[in-house]
Structure formats: C-alpha cells, structure tokens
Asker: 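Supplied in structure tokens, the structure appears directly below.
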Amino acid sequence: MPARIPWKELFEAASAARARAYAPYSDFQVGAALLTEDGTIFAGGNVENASYGLSICAERNAISRAVLEGHQQVRAVAIVVDTDTPTPPCGMCRQTMAEFAAPGMEVRSRNLEGKELRTTLEKLLPHAFTRAFF
C-alpha cells in the first residue's frame with residue numbers, strides 16, 4: 001500500500017470524469033476518483049436519468065467500478081464540482097463509502113477555482129452503519 005495519497009492524480013482523474021458526466025436535467029456535473037488499498041485509481045461521473053431516482057452519483061459510480069475490478073478498500077476520494085463552495089458527498093454516497101472505507105479514509109472536494117474541502121469519512125458520517133453491526 002503506497003503511503004502517500006496522490007491527490008494531484010486523483011483530482012485530475014476526477015476532473016476528466018466530470019467532463020464526461022451525463023447531467024442533462026440538473027446541469028450539475030460531478031467527477032470523483034478514488035484510491036484503493038494497492039494504489040489503483042478509479043474514476044466515475046454522475047449519470048442522470050429522466051426518472052431522477054435512477055441516477056447514480058459520481059462517487060458511487062467510481063466505487064462500483066473499483067468493486068467490480070476486485071477492490072474493496074478505499075483509502076481516499078477526490079471530488080470535483082462546479083459550485084462556489086466545494087460540495088461534499090450526499091448521504092447515499094457517504095453510506096456507500098462506509099461499506100468500503102479503509103480506516104481514516106480521507107475525502108476532499110474541490111471546485112473549479114481550486115477551493116478545497118478536506119475531511120474524513122468519519123467526520124462526514126459519524127456512527128456509520130457498517131458490517132460491524134452484523
């Protein structure tokens with residue numbers, strides 16, 4: 001497991017995913033990239049649907065890609081949005097992250113001007129419901 005988190009590469013991957021996001025209804029394109037336990041980076045963009053509940057967020061899209069490639073521990077997540085204030089992940093994404101988060105998982109969100117929110121999943125979702133309860 002690499003010790004350093006390659007934030008530059010994560011934000012580049014998240015920005016590229018944001019550019020490919022499909023958001024014709026909200027016009028709110030989001031890109032996310034995550035770092036797995038072995039240093040692999042997976043990216044995802046949000047994909048909307050006319051039936052809005054069927055849409056998938058960028059963060060969950062990236063996690064799904066990682067899991068389908070055999071990765072089940074996420075060390076860090078980078079998110080890119082076009083908002084004045086960097087936007088943290090929604091509740092569904094936070095819960096999904098909790099399922100696959102390595103201890104102390106870092107989460108950073110950045111807007112297009114470079115303003116950044118730095119936090120951890122534990123701060124975003126205290127007392128998360130996880131497999132530890134089963």
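Sequence positions, counted from 1, serve as the residue numbers for this chain. Heavy atoms only: backbone and side chains are in, while hydrogens, waters and symmetry mates are out.
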Asker: Compare every heavy atom of Gly44 with every heavy atom of Ala62, then report the nearest pair and how far apart it is.
Answerer: CB-N, 3.7 Å
Asker: Within a strict 4.5 Å, meaning less than it, do heavy atoms of the Lys115 and Arg110 side chains meet?
Answerer: no
Asker: Please find the pair of heavy atoms, one from Glu37 and one from His71, that lie closest to each other, and give the distance.
Answerer: OE2-ND1, 3.4 Å
Asker: Which value, rounded to the nearest 0.5 Å, describes the distance between Ser64 atom OG and Glu69 atom CD?
Answerer: 12.0 Å
Asker: Below 4.5 Å, heavy atoms only, C-beta onward: do Ile63 and Met97 meet side chain to side chain?
Answerer: yes
Asker: Taking the side chain as every heavy atom from C-beta outward, state whether Pro88 and Leu124 have any atom pair closer than 4.5 Å.
Answerer: yes
Asker: If you look at every heavy atom in Gln29 and Ala23, which pair is closest and at what distance?
Answerer: CG-CB, 4.0 Å
Asker: Could you check whether any side-chain heavy atom of Ile41 comes within less than 4.5 Å of a side-chain heavy atom of Leu34, counting everything from C-beta outward?
Answerer: no
Asker: Please round to the nearest 0.5 Å and tell me the distance separating atom OH of Tyr22 and atom OG of Ser55.
Answerer: 9.5 Å
Asker: Step by step, work out the side chain to side chain donor-acceptor pair (under 3.5 Å) result for Glu99 and Thr130.
Answerer: CA-CA 6 Å; Glu99 184 71 20; Thr130 65; over 6 Å; no
Asker: Could you pull out all residues at least two apart from Glu12 that satisfy salt bridge (Lys or Arg N to Asp or Glu O under 4.0 Å)?
Answerer: Lys8
Asker: Not counting sequence neighbours, which residues clear salt bridge (Lys or Arg N to Asp or Glu O under 4.0 Å) with Arg108? List them please.
Answerer: Glu106, Glu116
Asker: Would you say that Glu59 contacts Ile79 through its side chain, given a criterion of any heavy-atom pair below 4.5 Å between the two side chains?
Answerer: yes
Asker: Rounded to the nearest 0.5 Å, how far apart are OG1 of Thr40 and CZ of Arg65?
Answerer: 11.5 Å
Asker: Check whether Arg75 reaches the backbone of Ile5 with its side chain - one donor and one acceptor, N or O, closer than 3.5 Å.
Answerer: no
Asker: Considering only heavy atoms from C-beta outward, does the side chain of Val30 approach that of Val80 to under 4.5 Å?
Answerer: no
Asker: To the nearest 0.5 angstrom, please state how far the CZ atom of Phe42 sits from the CG atom of Leu68.
Answerer: 9.5 Å
Asker: What's the shortest heavy-atom distance between Cys57 and Cys93, and which atoms?
Answerer: CB-SG, 3.3 Å
Asker: With a 4.5 Å heavy-atom cut-off, do Asn61 and Asn46 have their side chains touching?
Answerer: no
Asker: Between the side chains of Asn49 and Ser51, does any donor sit under 3.5 Å from an acceptor?
Answerer: no
Asker: State, to 0.1 Å, how close Thr83 and Thr87 come at their nearest heavy-atom pair, and which atoms those are.
Answerer: OG1-OG1, 3.2 Å
Asker: Is there a path of hydrophobic side-chain contacts, each under 4.5 Å between heavy atoms, that joins Trp7 and Leu112?
Answerer: yes
Asker: Specify the closest pair of heavy atoms between Ala101 and Met105, including all atoms of both residues, with the distance to one decimal.
Answerer: CB-SD, 3.8 Å
Asker: I'd like to know if the side chain of Asn111 reaches the main chain of Val81, judged simply by a donor and an acceptor atom lying under 3.5 Å from each other, with no hydrogens or angles considered.
Answerer: no
Asker: Mind checking whether Phe100 and Leu35 sit in one hydrophobic cluster, side chains of I, L, V, M, F, W, Y counted as touching below 4.5 Å?
Answerer: no
Asker: Mind checking whether Leu10 and Leu121 sit in one hydrophobic cluster, side chains of I, L, V, M, F, W, Y counted as touching below 4.5 Å?
Answerer: no
Asker: Any heavy-atom pair between the side chains of Thr36 and Gln73 that's under 4.5 Å?
Answerer: no
